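Owing to the predicted nature of the structure, the values given are computational and were not obtained by experimental measurement.
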Amino acid sequence: MPAKSLPSPNPHRELINQLAPPYQFEAEAIQFGSAIISDDTLPEVPVRIPLKMMNRHGLITGATGTGKTVTLQVVAEQLSLAGVPSLLMDLKGDLSGLGSPSAGHKKIDQRMEAIGLPFQAEDLPVEFLTLSKLPGVKLRATVSEFGPQLFSKMLGLNETQTGIATVVFKYCDDRGLALVDLQDFRAALNYIRGDGKEEVEERYGRVSGASAGTILRKMLELEQQGGDTFFGEPSFDVHDLCRLNKKGKGILSILSLKDIQDRPRLFSTFMLSLLSEVYRLFPEEGDLEKPKLAIFIDEAHLIFKEASSELIDQLEAIIKLIRSKAVGIYFCTQNPTDIPEAILSQLGLKIQHSLRAFTAKDRKAIKLVAENFPTTKFYDIESLLTQMGIGEALITGLGPKGRPLPPVHTLLRAPVTRMGPLKKTELTAIVSASPLVARYAQTLDPKSAHEILTGKMESADDLKARESVLKDRDKLTKKYSADTLKALGKKKTGPSFLEQVLSSPAAKEISRTVGREISRGLLGAFGIKKPR
């Protein structure tokens, strides 16, 4: 919007006198734009936020087409120029333009002139990340790093099924079995309900076969959603998100999520695991002069779309605590009501673009949004929320001492990088030059629960097979011995062949004849003749 020449004396002097001083401070800050009142741009009222307050989290909201994504881009750019790296969740593919300097435009020059800032295109360092097979650094995590609760939430398990998952984790922990990928968890689950059933039930309790089967089916659903490519090694080191280039600019890590928009459970659980890992590994920093890392979540409503109350509670707890790690989290969504109230209350920076009031429900939502801003006599906030143009926003934040700054209708500065996605060749060139791509490209397959338990089950199967063979041999041996003895017993109890021959009539006659002739021979030898 071009600046209009102001008449003299300035009719907005009161606003300038009251709003300019809170935004003028010596602490290092980033400027989002300048104040607007009655269609006049006031460069005398620069809208600035101290860098040290950028770890107090923030919210960027507005209806479709009002410039939310460009505002997110501007904030990330200014943080990078100030030496603060960022992680950006890119669900639409719009943020890849951060990897190329702006080509400039006449309207950009007009806007920056109205704001009172010079325009200079910047070449910012970017890194592309992916959870799937898209180009970029492969993000992975091990099943063990998730833990039983997060893993169960990802699968959508009930209380009984979560208990079984906990038994699997506990059994593997007690025996030093690494749960790296889904194969490991499946092998462990099959083992505790199979060959290891007696051992497990004696120590950990009964494992329901029906519930175990349900878990296996849930895992199959997760694999079909791409979860099998996410779990594995090497797991991503979150410290790689905190890098600067040689010129001291913060590297913008852009996570492409275009292909998982329809998998909100995977996305929300991944986000929670990432935040948990950052909180666990980053040291306590307190209030630094600027954050170590900023995390931007575009289309943030997807995180909470299918999130359980337990998941939201964990997110709320982490957002409360992660500030002490010098990490700022920024949600970008269409309406503040997309974010749970418990989380909204933790946000220090609010950038509200225009909202649309087509229904009674919309008007109620707008009234609620207006009530969440500090009061001001210079703006009718409820009315302003429906009248702002593209690239304009109502902004309030925290000053250097943590006090809320007055809300200001702001003309936002133009981005210093390209508005729109990179070409495929440009993206490929950036990915090819990345030192992290090669480091995380090769999937490792260490000896983990799958290999150990599979070998154990195979050994058990071999033993069972040998025992079965021996049993069969013994049975055959016993059977053969019994048959042999039976056959022999029959021969011993029946008449022998000789007995059968001697008992026949012919044998008896032969015996008599032979006997008679022997007798005659003997009597003749002694000289005795038998009478005829």
Close side-chain approach of H57 and I322, heavy atoms under 4.5 Å: yes
What pairs of donor and acceptor atoms, side-chain ones from residues 339-350 against any protein atom, are under 3.5 angstrom apart with sequence neighbours left out?
unit_1, atom_1, unit_2, atom_2, d
S345, OG, A342, O, 2.9
K350, NZ, N372, O, 3.1

Smallest heavy-atom separation, L19 atom then P22 atom, equals O-CD, 3.1 Å
Taking every heavy atom of G402 against every heavy atom of M53, the minimum-distance pair comes out as CA-SD, 4.0 Å
Separation between OG1 (T71) and CD (E392), nearest 0.5 Å, reads 11.0 Å
Sequence neighbours excluded, the answer for side-chain contact (heavy atoms from CB on, under 4.5 Å) partners of K292 is F282, P283, E285, L288, A326
Backbone N or O of S235 within a donor-acceptor pair of the E233 side chain at under 3.5 Å? no
| query | Just wondering, do F25 and R48 contact through their side chains at under 4.5 Å, heavy atoms? | reply | yes
Applying side-chain contact (heavy atoms from CB on, under 4.5 Å) to E28 and not counting sequence neighbours gives L51, A82
request  = Give a yes or no on whether the backbone of A76 and the side-chain of S80 come within a donor-acceptor separation of less than 3.5 Å.
outcome  = no
All heavy atoms of V327 vs all of I295, minimum pair found to be CG1-CD1, 4.1 Å
Would you please indicate yes or no on a ring centroid separation below 6.0 angstrom for F185 and F231? no
Query raised in the report: Does a side-chain N-to-carboxylate-O contact under 4.0 Å join R280 and E145?
Result: no
**Item:** Criterion side chain to side chain contact (heavy atoms under 4.5 Å, CB included) on V408 and F32, from CA distance to verdict
**Value:** CA-CA 11 Å; V408 181; F32 295 141; over 6 Å; no
Sequence neighbours excluded, the answer for ring-ring contact (aromatic ring centres under 6.0 Å, His included) partners of F236 is Y440
(Q) Side chains of Q352 and P336, heavy atoms from C-beta outward: is any pair under 4.5 Å? (A) yes
Between G62 and H353 the two heavy atoms that sit nearest each other are CA-CB, 3.8 Å
(request) Decide yes or no for K170 and D174: does some side-chain heavy atom of the first lie under 4.5 Å from some side-chain heavy atom of the second? (result) yes
Report the C-alpha distance between R418 and E426 in whole Å, list the side-chain angles of each, state the deciding distance to 0.1 Å, and finish with yes or no for salt bridge (charged side-chain N to carboxylate O under 4.0 Å, His left out). CA-CA 12 Å; R418 184 187 302 177; E426 295 173 317; 2.9 Å; yes
Open item on the list: Quick one: does any side-chain atom of K249 pair with a main-chain N or O of D123 as donor and acceptor, under 3.5 Å?
Closed with: yes
For L179 and C172, the nearest pair of non-hydrogen atoms, with its separation, is CD2-SG, 3.7 Å
Review point. Do M54 and V75 come close enough that some side-chain heavy atom pair is under 4.5 Å?
Key: yes
Interatomic distance, CG@N158 vs NZ@K218, rounded to 0.5 Å, equals 8.0 Å
Where do T64 and Q334 land on the side-chain hydrogen bond (donor to acceptor under 3.5 Å, both in side chains) test, with the steps shown first? CA-CA 7 Å; T64 300; Q334 292 190 10; 3.1 Å; yes
Taken to the nearest 0.5 Å, the spacing of L274 CG from I318 CD1 works out to 9.5 Å
Begin from the C-alpha positions of I329 and L275 and carry the test side chain to side chain contact (heavy atoms under 4.5 Å, CB included) through to its verdict. CA-CA 10 Å; I329 302 173; L275 295 177; 3.8 Å; yes
CD1 (I395) and OH (Y23) are apart, to the nearest 0.5 Å, by 7.5 Å
Requested in this report: Return yes if some donor-acceptor pair links the side-chain N/O of T396 with the main-chain N/O of L405 below 3.5 Å, else return no.
Outcome: yes
Here the pair of heavy atoms bringing I37 nearest to Y379 is CD1-CE2, 3.7 Å
Is there a side-chain contact between V126 and T417 (heavy atoms, below 4.5 Å)?
no
Contacts of K423 meeting side chain to side chain donor-acceptor pair (under 3.5 Å) (sequence neighbours excluded), chain-then-number -> none
A quick test of your reading: do over 12 heavy atoms of other residues, nucleotides or ligands sit less than 6.0 Å from CG of L368? yes
Show your reasoning for whether side chain to side chain contact (heavy atoms under 4.5 Å, CB included) applies to S86 and L252. CA-CA 5 Å; S86 297; L252 301 169; 3.8 Å; yes
Review point. Are L72 and I351 close enough that some pair of their side-chain heavy atoms sits under 4.5 Å apart?
Key: no
Next item on the list: Look at the side chain of D109 and the backbone N and O of K106, then say whether any donor-acceptor pair between them is shorter than 3.5 Å.
Entry: no
Q: State whether the side chain of D90 and the backbone N or O of D94 hold a donor-acceptor pair below 3.5 Å, judged by distance alone.
A: yes
Sorted by chain and number, sequence neighbours left out, ring-ring contact (aromatic ring centres under 6.0 Å, His included) with Y330 holds for F296
Query raised in the report: Does the S34 side chain pair with the main chain of I115, one donor and one acceptor, at a distance under 3.5 Å?
Result: yes
*asked:* One pair to check against side chain to side chain contact (heavy atoms under 4.5 Å, CB included): T410 and Q31. What are the steps and the verdict?
replied: CA-CA 11 Å; T410 307; Q31 183 172 344; over 6 Å; no
Here the gap from L95 atom CG to D298 atom CG, rounded to the nearest 0.5 Å, amounts to 6.0 Å
Do R439 and D240 touch side chain to side chain, with heavy atoms closer than 4.5 Å?
-> yes
Value for CG (L411) from CZ (R111), rounded to nearest 0.5 Å, stands at 4.5 Å
Quick check: are there more than 12 heavy atoms from other residues, nucleotides or ligands sitting under 6.0 Å from CD of Q387?
-> yes
Next on the checklist: Tell me whether E77 is salt-bridged to R413, with the criterion being a basic N under 4.0 Å from an acidic carboxylate O.
Outcome noted: no
message: Using modelled atom types and a 3.5 Å cut-off, is there a donor and acceptor pairing between side-chain atoms of S324 and backbone atoms of L321?
response: yes
